[in-house]
Amino acid sequence: MARGGSNGERGASNSSSQNGESSTIEDSSSPYFLHNRDHLGVNLVTTLLNGANYHTWCRAMVMALIAKNKIGFIDGTIHKPTSTDLLFNAWSRCNSMISAWIINAVTREIADIILYLDSAYEIWGDLGTLDVNSYFTKLNILWDELKEFQPVPVCHCGGLRIWTDHQHREYVLQFLMGLNESYAQIRGQILMMEPLPAINKVFSLVIQEERH
């Protein structure tokens, strides 16, 4: 009889836990709640992220995720539960949904990069570095194209070295001046260096600062 009572208590406990989980995901004020209109193909913003438009895109996405009560999944305030936690399945559903929404809101080239990240939080963090990466890549393409139209001086008296140094300095200044004000501190530090580092070194310093 005592054993039967114990099984009954466990059954009641499991039922109570399941009811608690159910009430959490069915509560429209809970971040785990998914509306019946929420699906993987939802487009939260009208303009895709292409790298250069990160800040305006980010602002629009944040507003959309706040409106859907899902901002905690990307800002780190909602942590991934353990696999034994009753909310693990609910978290997994929401994480997959939000990840799909973000992927829907970026270009195919960027989607290919972030597709295999495990969480919406990781995807969101990775997109922050793509902003500078995309900007630097586009500048490199532009510089390569400009080289086709720039005459290279033919000189054996040191003039070619001076011209090359000047060109590299222009690359550094163009890259730094194109960064937004959130990079003002690292930009100022680099501009104080004498001589200016090579463009690849400057890019590396900016990326390191961004990840701190």
Side-chain angles (χ1 to χ4, degrees), residues 44-66 70-79 98 102-103 105-114 117-153 155 157-212:
L44 297 184
V45 294
T46 56
T47 303
L48 298 180
L49 172 67
N50 58 25
N53 63 341
Y54 174 77
H55 292 283
T56 54
W57 176 89
C58 177
R59 175 64 176 162
M61 281 294 292
V62 166
M63 289 191 294
L65 290 170
I66 289 175
K70 298 292 183 288
I71 193 68
F73 288 88
I74 66 165
D75 68 7
T77 55
I78 296 178
H79 300 285
I98 298 164
I102 297 174
I103 291 171
V106 304
T107 62
R108 183 173 181 177
E109 292 78 11
I110 294 177
D112 288 342
I113 297 172
I114 63 176
L117 294 176
D118 291 331
S119 69
Y121 176 74
E122 288 181 90
I123 290 174
W124 190 260
D126 208 55
L127 289 176
T129 61
L130 280 175
D131 178 29
V132 175
N133 278 318
S134 298
Y135 167 58
F136 184 67
T137 299
K138 289 182 177 181
L139 280 180
N140 270 295
I141 293 172
L142 176 62
W143 293 332
D144 287 341
E145 291 176 349
L146 288 175
K147 285 179 182 177
E148 300 296 324
F149 301 97
Q150 291 179 330
V152 178
C155 179
C157 58
L160 181 59
R161 174 64 181 274
I162 294 173
W163 179 83
T164 302
D165 289 345
H166 172 75
Q167 189 177 53
H168 287 172
R169 181 180 176 85
E170 289 297 308
Y171 290 164
V172 169
L173 293 176
Q174 186 177 0
F175 172 67
L176 290 175
M177 293 302 106
L179 297 172
N180 63 59
E181 287 308 305
S182 64
Y183 299 97
Q185 183 175 357
I186 185 64
R187 177 170 56 207
Q189 292 172 356
I190 294 172
L191 289 174
M192 292 290 290
M193 295 179 181
E194 186 62 41
L196 278 178
I199 183 62
N200 288 334
K201 176 63 176 179
V202 170
F203 171 68
S204 177
L205 291 171
V206 172
I207 289 295
Q208 289 175 24
E209 176 70 16
E210 185 175 47
R211 290 174 176 169
H212 285 166

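The figures here come from the full heavy-atom set of this structure, side chains too, leaving out hydrogens, waters and symmetry mates. This structure is a prediction, so every number in the text was calculated from the model and none was measured.
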Inset, instruction - Measure across Leu44 and Ala64 and return the closest heavy-atom pair with its distance rounded to 0.1 Å. - result: CB-CB, 3.9 Å
Inset, instruction - Taking side-chain hydrogen bond (donor to acceptor under 3.5 Å, both in side chains) as the test, write out the residues that go with Gln189, two or more places apart. - result: none
Legend entry - Distance in Å, Ile199 CD1 paired with Ser204 OG, rounded so as to fall on 0.5 Å steps: 11.5 Å
Inset, instruction - Let me see the working for His168 and Asn200 under side-chain contact (heavy atoms from CB on, under 4.5 Å), right down to the final yes or no. - result: CA-CA 10 Å; His168 287 172; Asn200 288 334; over 6 Å; no
Legend entry - CD1 on Ile103 to CG on Asp112, rounded to 0.5 Å: 9.5 Å
Legend entry - Gap between atom CD1 of Ile123 and atom CD1 of Ile113 - 0.5 Å precision: 12.0 Å
Legend entry - Nearest atoms (heavy-atom pairs only) where Leu127 meets Tyr54: O-CE1, 3.7 Å
Inset, instruction - Could you tell me how the ring of Trp143 sits relative to the ring of Phe136: parallel (under 30°), tilted (30 to 60°) or perpendicular (over 60°)? - result: perpendicular
Inset, instruction - Find the distance between CD1 (Ile110) and CG (Leu48) and round it off to the nearest 0.5 Å. - result: 9.0 Å
Legend entry - Identified side-chain contact (heavy atoms from CB on, under 4.5 Å) partner of Ile71 from the options Ile78, Ile98, Val62, Thr77: Val62
Inset, instruction - Would you indicate whether the side-chain heavy atoms of Met193 and Val172 approach each other to under 4.5 Å? - result: no
Inset, instruction - Starting from the C-alpha separation in whole Å, work towards a yes-or-no answer on side-chain contact (heavy atoms from CB on, under 4.5 Å) for Asp165 and Arg169. - result: CA-CA 6 Å; Asp165 289 345; Arg169 181 180 176 85; over 6 Å; no
Legend entry - Derivation of the side-chain contact (heavy atoms from CB on, under 4.5 Å) call for Phe73 and Ser119: CA-CA 9 Å; Phe73 288 88; Ser119 69; over 6 Å; no
Inset, instruction - Quick one: list whatever passes side-chain contact (heavy atoms from CB on, under 4.5 Å) with Met192, sequence neighbours left out. - result: none
Legend entry - Spacing of Trp124 atom CH2 and Leu65 atom CG [to the nearest 0.5 Å]: 6.0 Å
Inset, instruction - State, to 0.1 Å, how close Val106 and Ala111 come at their nearest heavy-atom pair, and which atoms those are. - result: CG2-N, 3.6 Å
Inset, instruction - Flag the pair Arg59 / Val45 as yes when at least one side-chain heavy-atom distance between them is below 4.5 Å, and no otherwise. - result: no
Legend entry - Heavy-atom closest pair, residues Tyr121 and Asp75: CE1-C, 3.9 Å
Legend entry - Smallest separation among heavy atoms of Ile190 and Pro197, with atom names: CG2-CD, 4.2 Å
Inset, instruction - For the residue pair Phe175 and Val132, establish whether any side-chain heavy-atom pair is separated by less than 4.5 Å. - result: yes
Inset, instruction - Could you grab the distance from atom CG of Leu176 to atom CZ of Arg187, nearest 0.5 Å is fine? - result: 7.5 Å
Inset, instruction - Spell out, as yes or no, whether a donor-acceptor pair under 3.5 Å connects the side chain of Trp57 to the backbone of Ala105. - result: yes
